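On a predicted model such as this, the values are computed, not experimentally measured, just so you know.
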Amino acid sequence: MDNSLWNKSAKALLSVGLVASLWVPASQTAVQAAAPASDLFISEYIEGSSFNKAIEIYNGTGASVELSPYSVSLYTNGSTYAQSKMTLSGTVANGDTVFIYHSGADSAIQGKGDLQNNSVVNFNGDDALVLEKSGSPIDSIGQVGSRIENMKDVTLVRNPDILSGDSAVNDAFDPSAEWTAYPADTFTYLGSHTVEETDETPIPDPDPTPVPSGYYETAAGLQGSALKAELHEIIDDHTQLSYSQVWEALKITDEDPNNPNNVLLLYTGESRSKSLNGGNVGDWNREHTWAKSHGDFGTARGAGTDIHHLRPTDVQVNGLRGNLDFDYGGSAVSGCDGCLRTSTSWEPPNEVKGDVARMLFYMAVRYESGDAVDLELNDLVNNGSTPYHGKISVLLEWHEQDPVSAWEQQRNEKIEDIQGNRNPFVDYPEWAESIW
C-alpha cells in the first residue's frame with residue numbers, strides 16, 4: 001500500500017499541532033477452472049422483480065475452499081458501513097459455485113440455490129455488495145459510499161476472462177467492464193460459471209496493508225502471558241501526543257475515504273465535517289473507547305491520548321456512552337441506530353463491535369505494570385474507576401463476529417505513521433484467543 005499521500009498530511013498537520021499546542025453447496029453443473037483464479041469471486045448477480053434476488057460466488061482456484069473465512073456484506077443507500085453481513089460455511093469444490101438467494105425468490109431460483117439469506121440478499125439496484133475473506137475485501141459489485149442505479153432490474157454474469165475480484169470497494173462501478181448484462185429475471189446461467197482457457201496463472205492481489213517485516217519477530221511462537229508480555233515490549237514507548245494534537249490526528253486516521261473534508265464517526269457511522277470538532281450539539285469529539293475513568297488516566301499523555309482507542313464520536317452519543325462497560329442488551333439509544341444501553345453497559349452496532357474489542361485488547365497489552373496505569377480486561381460491568389474494563393467474554397465474541405476490516409487495517413497504518421506503534425490484534429486477530 002502506498003502510504004505517501006496521507007503520510008505527508010499526517011506529518012504536516014501534527015507539526016502545526018505542535019506549534020499550536022487521527023464473509024456444502026448442493027450439487028451443481030460444475031465447470032472446471034482452466035487455470036487457477038486468485039481467490040473466490042462473485043460470478044453472477046440477479047436483481048429482478050419482487051424478491052428475485054440472488055448472488056453467485058465461484059471457486060476457480062484449482063482446489064476446494066473451506067468457506068468459514070468468507071463473508072458477504074450489503075452496503076445500502078450509499079453508506080460506508082455494512083447494513084448486513086452473512087458469514088459463509090461449508091466447502092466449495094474447485095469449479096463449483098455457491099448460490100445465495102432470497103426466500104421470496106421465484107421457484108426457478110430456489111431450485112438451484114445453496115444458501116438462503118434475507119438480509120444481505122435484500123439489495124436494490126443502487127446498493128453495493130462486498131465479498132470478504134478474513135475481513136478484507138476480495139471482490140465487490142456496485143460502489144461502496146455512492147448511490148448509483150446501474151444494477152437495477154438486471155442479471156449480470158461475470159465475463160469468462162475475469163479470474164479475480166475487484167477489491168477496491170469504493171471505486172466507480174461500470175458493469176460493462178467485467179460483466180455481461182441480461183434482462184431482468186434471467187435465471188439461465190445460475191449454478192455454473194465458465195472461464196476461458198489460459199496458460200497464465202493470475203497473481204493474487206497483494207496484502208493491502210502488509211505488516212512491516214520483522215515488526216513482530218520476537219513474538220513468533222509465543223502464547224498466553226508470554227505473548228502478551230512480548231507484544232507489550234514491541235508496542236511500548238510510542239510517540240505520545242498531547243490531547244490537543246489528537247484533534248488533528250483523528251482527522252487523518254478517521255478521514256472519510258469518499259469525502260476528505262469529513263471524518264467517519266464511531267458508533268453512528270456518520271460522515272461529518274472535520275471542522276465540526278468541539279463540544280456542542282452537532283459536533284464530534286474524542287471518544288475514549290477504554291473509558292478514561294477506568295484507571296483514572298483522564299486526558300494525560302499516554303493512555304489518555306493514545307489514538308489506537310480514541311475515535312471521533314457524536315457529542316451526544318459520546319455522552320450517553322459515558323464510562324459504561326461493554327455488554328449485550330439494553331434500550332435503544334437515540335441518534336445511534338444499533339446502539340443499546342443499560343445503566344451499566346453499552347452495546348455498539350454490529351458493524352463496529354469487532355473494532356471496539358480490538359481497541360480494548362490493544363489497551364490491555366500496551367499499558368502494563370511500569371506504565372502510569374496498568375489496564376486489564378475482566379468479565380464484569382460497572383468497573384467504575386478501577387483500571388479494568390469488561391466484559392472480556394463478550395469482547396471475544398464480537399472480535400469473532402465482526403472480523404478485521406480494510407478500514408481498520410488502513411487506520412492501523414496511519415496510526416503507526418503518527419505515533420509509531422501498531423495494534424497487534426488488527427494484524428494478527430488470532431492472538432486475542434491465545435492471550436484471553
Inset, instruction - Check whether NZ of the Lys or CZ of the Arg R286 lies under 6.0 Å from the centre of the six-membered ring of Y243 and within 45 degrees of that ring's axis. - result: yes
Inset, instruction - Start with the C-alpha gap between K353 and E347, add the side-chain angles, then the distance that decides, and say whether salt bridge (charged side-chain N to carboxylate O under 4.0 Å, His left out) holds. - result: CA-CA 8 Å; K353 280 184 165 71; E347 180 179 353; 3.0 Å; yes
Legend entry - Test salt bridge (charged side-chain N to carboxylate O under 4.0 Å, His left out) applied to D126 and R147, step by step: CA-CA 5 Å; D126 57 355; R147 193 170 186 174; 2.6 Å; yes
Legend entry - Any N318 side-chain heavy atom under 4.5 Å of L266 side chain: no
Inset, instruction - State whether the number of non-hydrogen atoms from other residues, nucleotides or ligands found under 6.0 Å of E400 atom CD is greater than 12. - result: no
Legend entry - Sidechain N-carboxylate O distance under 4.0 Å for R411, E255: no
Legend entry - Salt bridge present between E413 and R422 (N-O < 4.0 angstrom): yes
Inset, instruction - Identify whether the distance between the nearest side-chain nitrogen and carboxylate oxygen of E47 and K152 falls below 4.0 Å. - result: no
Legend entry - Cationic N near anionic O, under 4.0 Å, D314 to R272: yes
Inset, instruction - Pick out which of R366, H308, E416 makes a side chain to side chain donor-acceptor pair (under 3.5 Å) with H238. - result: R366
Legend entry - Straight-line distance of S164 OG to I138 CD1, nearest 0.5 Å: 10.5 Å
Legend entry - With W431 via ring-ring contact (aromatic ring centres under 6.0 Å, His included) - residues at least two apart: Y216, Y428
Legend entry - Test of ring centre spacing under 6.0 Å for F326 and H389: yes
Legend entry - Where Y267 and P349 come nearest, the two heavy atoms and their spacing: O-CG, 3.1 Å
Inset, instruction - Take the angle between the ring planes of F297 and H309 and call it parallel below 30°, perpendicular above 60°, tilted in between. - result: perpendicular
Inset, instruction - Would you check if the distance from the ring center of H399 to the ring center of F425 is below 6.0 Å? - result: no
Legend entry - Heavy-atom neighbours of E217 CD exceed 12 at 6.0 Å: no
Inset, instruction - Kindly determine whether R158 and E44 satisfy salt bridge (charged side-chain N to carboxylate O under 4.0 Å, His left out), including the steps that lead there. - result: CA-CA 6 Å; R158 209 70 173 258; E44 186 165 349; over 6 Å; no
Inset, instruction - Check whether more than 12 heavy atoms from other residues, nucleotides or ligands sit under 6.0 Å from atom CD of E433, and answer yes or no. - result: no
Inset, instruction - Determine whether the aromatic ring centres of F51 and Y101 lie less than 6.0 Å apart. - result: no
Legend entry - F173 and W179 aromatic ring geometry - parallel, tilted or perpendicular at 30°/60° bounds: perpendicular
